[in-house]
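Accompanying notes for the structure given below.
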Number of protein chains: 2
Amino acid sequence: MRADARKNYDQILAVAREVFAADGAEASLRDIARKAEVGMGTLYRHFPTREALLEVILRERFEALAASADAPADGQPPDAALLAWLREIIAFTHQHSGVLGAMAAAIDAPESALHASCVSLKSAGARLLARAQAAGKARPDLEGIDLFALISAMAWLYDQPAFAHRADHLFAVITGAVVKQGKA
Amino acid sequence: MRADARKNYDQILAVAREVFAADGAEASLRDIARKAEVGMGTLYRHFPTREALLEVILRERFEALAASADAPADGQPPDAALLAWLREIIAFTHQHSGVLGAMAAAIDAPESALHASCVSLKSAGARLLARAQAAGKARPDLEGIDLFALISAMAWLYDQPAFAHRADHLFAVITGAVVKQGKA
DNA sequence: ACCTGAACACCGTTCAAGT
DNA sequence: ACCTGAACACCGTTCAAGT
């Protein structure tokens, strides 16, 4: 990549990080281009879709989340591991409103730039879920897509200002339907 | 109201019903004005906000839902009554995507045209919930706002195409966390 | 190769001008 | 009293023209 192109690419990304965090996944692309001091065409050249831009920004975190799902867990029982992972995801998406809506749209769209991230996140969750189910600590009639859907719904709840003051409680209610916590 | 104004009012409403059902609560107001064959100013004169237009369209159904929450129930136990009512709401909002998102935004906004509808829907749910709780058939640590939030989240899930095939199952999972169904 | 910014087709909202 | 539609300030997306 040419030096000027590289500079623009990095600048767009840096600005997009801030703007997406502030305005959510539906933030104005024009606004990003403006703040990055590049033309609209430059933004589109580097990131042909909104998803492509989101993907680069989110990839790192989602890879970390997928990795943490498979981490040794240090003696942590599978139900606690699943719960901790769910809390991690929600804490992250809470900083980026609407991101899980974009993910939900991408999971059925193989051509979306976000598709691979969705699938790996869903799979990571499915593996944690399966281990908890095997230990008799999670509702057995749930699949990976169900967990993904419930995560998305919880993220949506956290994004609604009217529900924010009850969001932690609702998290407990919903995860309570998934995980049957026990002492051993 | 003058005869021409009345005609425009009715025409806008008739068109809006169709367009909101087809495109959801975020449908283009310009599109509605166009299809109703009125100027934008006419639409705004009769309905100063999107919420005002939505409110007129939804009021009838929400009043019916609030009424059905208080219906004698014909020997139906409170847990079954609550579940049946939840199914009714979800079935309705499923035909009008995004409506519960608008409701969620309006519940904390007393100036919104939708506010009264939100509150009465929340209250109706809260009464059903309280009866089920009194019978020991619903999770006791839930308030009206929690039920409203869970309804909204379920409506959101039904609106996501990627989750549609699991939506009925997710409804069972989430309501399972609220209602503890028993035989007597 | 890469960049710019105008152009196009859309929004929501307001308001001067008409009847 | 009511209506119209242009005007304004925004979008996302594309593309001719420049370097």
Side-chain angles (χ1 to χ4, degrees), chain A residues 1-57 96-99 101-102 105-106 109 111-114, chain B residues 1-57 96-99 101-102 105-106 109 111-114:
Chain A
M1 206 183 317
R2 236 163 61 177
D4 56 345
R6 166 101 261 155
K7 187 172 145 269
N8 282 334
Y9 180 93
D10 292 340
Q11 181 60 14
I12 291 166
L13 222 44
V15 169
R17 253 180 248 276
E18 283 175 35
V19 175
F20 279 134
D23 300 350
E26 313 284 291
S28 161
L29 297 180
R30 238 192 173 80
D31 189 38
I32 292 173
R34 215 154 29 214
K35 284 176 176 150
E37 294 173 340
V38 301
M40 284 306 291
T42 304
L43 189 148
Y44 273 87
R45 156 174 282 268
H46 289 297
F47 306 98
T49 61
R50 177 186 296 274
E51 285 73 28
L53 185 48
L54 273 175
E55 199 271 336
V56 176
I57 291 172
H96 296 82
S97 81
V99 158
E111 75 285 2
S112 165
L114 280 174
Chain B
M1 205 184 314
R2 235 165 59 178
D4 55 345
R6 166 101 260 154
K7 189 172 143 270
N8 281 335
Y9 180 92
D10 292 340
Q11 180 62 15
I12 290 165
L13 222 44
V15 168
R17 253 180 248 277
E18 284 175 35
V19 175
F20 279 134
D23 300 350
E26 312 285 290
S28 162
L29 297 181
R30 239 193 172 82
D31 189 38
I32 292 173
R34 214 153 30 211
K35 284 176 175 150
E37 294 173 339
V38 300
M40 284 306 291
T42 305
L43 189 147
Y44 273 87
R45 158 173 280 267
H46 289 297
F47 307 97
T49 61
R50 177 186 297 274
E51 285 72 29
L53 185 48
L54 272 175
E55 198 273 336
V56 176
I57 291 172
H96 297 83
S97 81
V99 159
E111 75 286 0
S112 165
L114 280 174

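Per chain, numbering begins at 1; letters A, B, ... match sequence-line order.
For the OP1/OP2 pair of D:dC2 and a distance below 4.0 Å, the side-chain nitrogens and oxygens of B:Asn8 include no atom meeting the criterion. Residue A:His46 places at least one side-chain N or O under 4.0 Å from the OP1 or OP2 atom of C:dC3. Taking 4.0 angstrom as the limit, B:Arg30 places none of its side-chain polar atoms (N or O) nearer than this to OP1 or OP2 of C:dG12. Proximity of B:Ser28 to the phosphate of C:dC10: no side-chain N or O atom is located under 4.0 Å from OP1 or OP2.
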Which protein N or O atoms sit under 3.5 Å from an N or O of nucleotides 14-19 of chain C?
none

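Within 4.0 Å of A:Arg45, counting heavy atoms only, lies at least one base atom of the nucleic acid. Within the 4.0 angstrom heavy-atom criterion, only backbone atoms of the sugar-phosphate kind lie near B:Arg34; the bases stay farther away. Within the 4.0 angstrom heavy-atom criterion, no nucleotide atom of any strand lies near A:Ala33. Residue A:Ala3 is classed as having no contact, given no heavy-atom separation below 4.0 Å to the nucleic acid.
Note that the CD1 atom of A:Ile32 and the CE atom of A:Met40 stand 9.0 Å from one another [nearest 0.5 Å]. Atom CZ of B:Arg6 and atom NE2 of B:His46 lie 9.0 Å apart (nearest 0.5 Å). Atoms CD and CZ, from A:Glu26 and A:Arg50 in turn, are 6.0 Å apart once rounded to the nearest 0.5 Å.
Following rounding to the nearest Å, B:Ile12 (CD1) and D:dT4 (P) show an atom-to-atom distance of 9 Å. For B:Leu29 and D:dG5, the CG to P distance is 18 Å, given to the nearest whole Å. Rounding to whole angstrom units, CZ of residue B:Arg6 and P of D:dC3 are separated by 12 Å. Regarding A:Tyr9, its OH atom lies at a distance of 17 Å from the C1' atom of C:dA1, rounded to whole Å. Atom CG of A:Asp23 is separated from atom C1' of D:dC11 by 14 Å (rounded to the nearest Å). Residue B:Glu51 contributes atom CD, which lies 12 Å from atom C1' of C:dG12 at whole-angstrom precision. What separates NZ of B:Lys35 from P of C:dC10 is a distance of 12 Å, to the nearest Å. Look at CD1 on A:Ile32: it is 12 Å from P on D:dT13, rounded to the nearest Å.
Looking only at side-chain heavy atoms (C-beta outward), A:Tyr44 and A:Thr49 stay at 4.5 Å or farther from each other. Put simply, the side chain of B:Phe20 reaches to within 4.5 Å of the side chain of B:Leu53, judged on heavy atoms.
Pairing for D:dA1 goes to C:dT19, judged as Watson-Crick or G-U wobble with the two contacts each under 3.5 Å. Applying the Watson-Crick and G-U wobble criteria (two distances, each under 3.5 Å), C:dA6 pairs with D:dT14.
In this structure B:Asp23 satisfies the side-chain hydrogen bond (donor to acceptor under 3.5 Å, both in side chains) test with no other residue, sequence neighbours excluded.
Closest approach of A:Ile57 to A:Arg17, counting heavy atoms only: CD1-N, 3.7 Å.
Under a 4.0 Å N-O distance rule, the pair B:Lys7/B:Asp4 does not qualify as a salt bridge.
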